[in-house]
Amino acid sequence: MSKTKNAATLLTGMVLGASLVGGAAAGIVAEPTWQNIYVDGQQVSMTAYNIAGNNYVKLRDIGQQVGFNVYWDNGVQIDSDSPYTGIAPVQATQTQPTINEIREEIIELINQVRREHGVSELVVNQSLMDAAQECSTRHYTSHHTREECEAVVDAGYPHGFGSNLTVLVGTGTSSIAEKAVTNWENSLGHLKTMADADYEEVGVGVTIDNGRVFCYMFAGAPGTYNPYG
């Protein structure tokens, strides 16, 4: 007989025994029993008690001998596919992406859009990254052309550039990059900026504040000029 079947038999016996005991616990006497207990034909050592003619053993002892986990976690938990440890398994926590990881993902998705439109990928420019991040911290909900141009100059980028902005509300951290690029892709003007072959460099900024997410993209075009430079 398999361990699983043995376990099922033992557990069934325990459930039936529990139902017999339920109504008259005060008059029940438990006495140690020394009857032999076997698992898959091999004798095992488990502390057992005789109650009203039935043998009872601890569920944890069954799990240890048969090979399934039993533990307490807001109730008795039985995990038939895990070896016995007697403790609850550690639940893996899903880590959320950092701001820098979100910025990197946005750039990857922008370049994916550019590949789909047959133009070369944008190269990350640190000055544009710094400028885009600075503008995102200002919580703009619409473009501020002069301020954006001045931020790019202050960050050390001497050329002209294109700008995309989107503000997200109620978007989970792991979905920010996809949502931002999708918004730009669904807007003709923003898509034109992303897919313009004249742009060669990129910087992205993301700021999360009080449930809102401010996302900027600056696409640089070396050889062109900044009107406020």
Side-chain angles (χ1 to χ4, degrees), residues 90-229:
V90 176
Q91 299 296 325
T93 57
Q94 184 176 4
T95 58
Q96 298 299 316
T98 65
I99 292 297
N100 283 338
E101 289 172 338
I102 295 171
R103 295 167 77 191
E104 291 172 0
E105 185 180 357
I106 290 176
I107 293 170
E108 290 175 3
L109 294 175
I110 290 170
N111 279 329
Q112 179 178 315
V113 171
R114 289 179 67 84
R115 289 193 299 271
E116 291 171 356
H117 285 79
V119 295
S120 61
E121 296 184 5
L122 299 175
V123 177
V124 174
N125 180 280
Q126 190 57 52
S127 294
L128 289 176
M129 291 288 284
D130 294 342
Q133 186 61 32
E134 168 60 28
C135 285
S136 74
T137 66
R138 299 177 185 179
H139 299 178
Y140 293 150
T141 58
S142 61
H143 284 287
H144 291 60
T145 302
R146 180 173 188 135
E147 288 84 350
E148 292 171 7
C149 289
E150 290 174 345
V152 168
V153 171
D154 291 343
Y157 191 77
H159 310 296
F161 65 98
S163 174
N164 278 354
L165 166 65
T166 188
V167 181
L168 311 176
V169 179
T171 301
T173 309
S174 61
S175 304
I176 290 174
E178 181 180 1
K179 182 64 175 178
V181 175
T182 297
N183 283 358
W184 291 333
E185 196 170 11
N186 290 335
S187 166
L188 185 60
H190 292 92
L191 175 60
K192 183 178 179 180
T193 300
M194 281 200 298
D196 194 326
D198 291 335
Y199 294 129
E200 301 178 11
E201 300 170 312
V202 68
V204 167
V206 175
T207 293
I208 303 173
D209 183 72
N210 197 29
R212 294 192 299 173
V213 186
F214 303 85
C215 302
Y216 256 102
M217 166 197 170
F218 287 156
T224 63
Y225 73 97
N226 183 326
Y228 295 95

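Owing to the predicted nature of the structure, the values given are computational and were not obtained by experimental measurement.
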Point to revise | Whether N226 side chain and P158 backbone form a donor-acceptor pair below 3.5 Å | key: no
Point to revise | Nearest-0.5 Å distance, CD1 of residue I107 to CE of residue M129 | key: 4.0 Å
Check your understanding: Quick one: side-chain contact (heavy atoms from CB on, under 4.5 Å) partners of S175, sequence neighbours excluded?
Key -> T171
Check your understanding: Judged by atom type as modelled, is there a donor-acceptor pair below 3.5 Å linking the side chain of R103 to the main-chain atoms of V204?
Key -> yes
**Study point:** Distance-minimising heavy-atom pair for V152 and A131
**Key:** CA-CB, 3.7 Å
Practice item. Please name the pair of heavy atoms, one in E148 and one in S163, separated by the smallest distance, quoted to 0.1 Å. Key: OE1-OG, 3.2 Å
Check your understanding: Between SG of C135 and CD of E150, what distance do you get to the nearest 0.5 Å?
Key -> 10.0 Å
**Study point:** Side chain N125, main chain V202, donor-acceptor under 3.5 Å
**Key:** no
Exercise for review: Verify side-chain contact (heavy atoms from CB on, under 4.5 Å) between T98 and I102, making sure each step is shown before the conclusion.
Suggested key: CA-CA 6 Å; T98 65; I102 295 171; over 6 Å; no
Practice item. Write down the atom of T173, the atom of P97, and the distance for their closest heavy-atom approach. Key: CG2-O, 3.5 Å
**Study point:** Distance-minimising heavy-atom pair for A197 and V119
**Key:** CB-CG1, 3.7 Å
Exercise for review: Please list, chain by chain and in numerical order, all residues satisfying ring-ring contact (aromatic ring centres under 6.0 Å, His included) with Y140, sequence neighbours excluded.
Suggested key: H144
Revision key, fill the gap. One should read off an interatomic distance between T137 OG1 and I208 CD1, to the nearest 0.5 angstrom, of 13.5 Å
Practice item. Please check if any side-chain donor atom of Q126 sits under 3.5 Å from a side-chain acceptor atom of D130, or the reverse. Key: yes
**Study point:** Interatomic spacing from NZ in K179 to OG1 in T166 - rounded to 0.5 Å
**Key:** 8.0 Å
Review point. Can you name the closest pair of heavy atoms from S136 and T207 and give their distance?
Key: OG-OG1, 2.7 Å
Point to revise | Student check: side-chain heavy atoms of Y225 and H159 closer than 4.5 Å | key: no
Check your understanding: Quick one: CG on N183 to CD on E178, what's the gap to the nearest 0.5 Å?
Key -> 10.5 Å
Review point. Taking only residues two or more places apart in sequence, or in another chain, which ones meet F214 in a ring-ring contact (aromatic ring centres under 6.0 Å, His included)?
Key: H139
Check your understanding: Between CG of L165 and SG of C215, what distance do you get to the nearest 0.5 Å?
Key -> 8.5 Å
Review point. Is there a side-chain contact between M217 and I106 (heavy atoms, below 4.5 Å)?
Key: no
Revision key, fill the gap. When every non-hydrogen atom of Y199 is compared with those of A221, the smallest separation belongs to CD2-CB, 3.7 Å
Check your understanding: Which residues satisfy the ring-ring contact (aromatic ring centres under 6.0 Å, His included) test with F218, sequence neighbours excluded?
Key -> F161, Y216
Study note, to complete from the structure: By side-chain contact (heavy atoms from CB on, under 4.5 Å), V113 pairs with (sequence neighbours left out) H117, V181, E185, L191, M194
Review point. Does a salt bridge link R138 with E147, judged by any charged N lying under 4.0 Å from a carboxylate O?
Key: no
Revision key, fill the gap. So the salt bridge (Lys or Arg N to Asp or Glu O under 4.0 Å) pairs with at least one residue in residues 196-214 (sequence neighbours excluded) are none
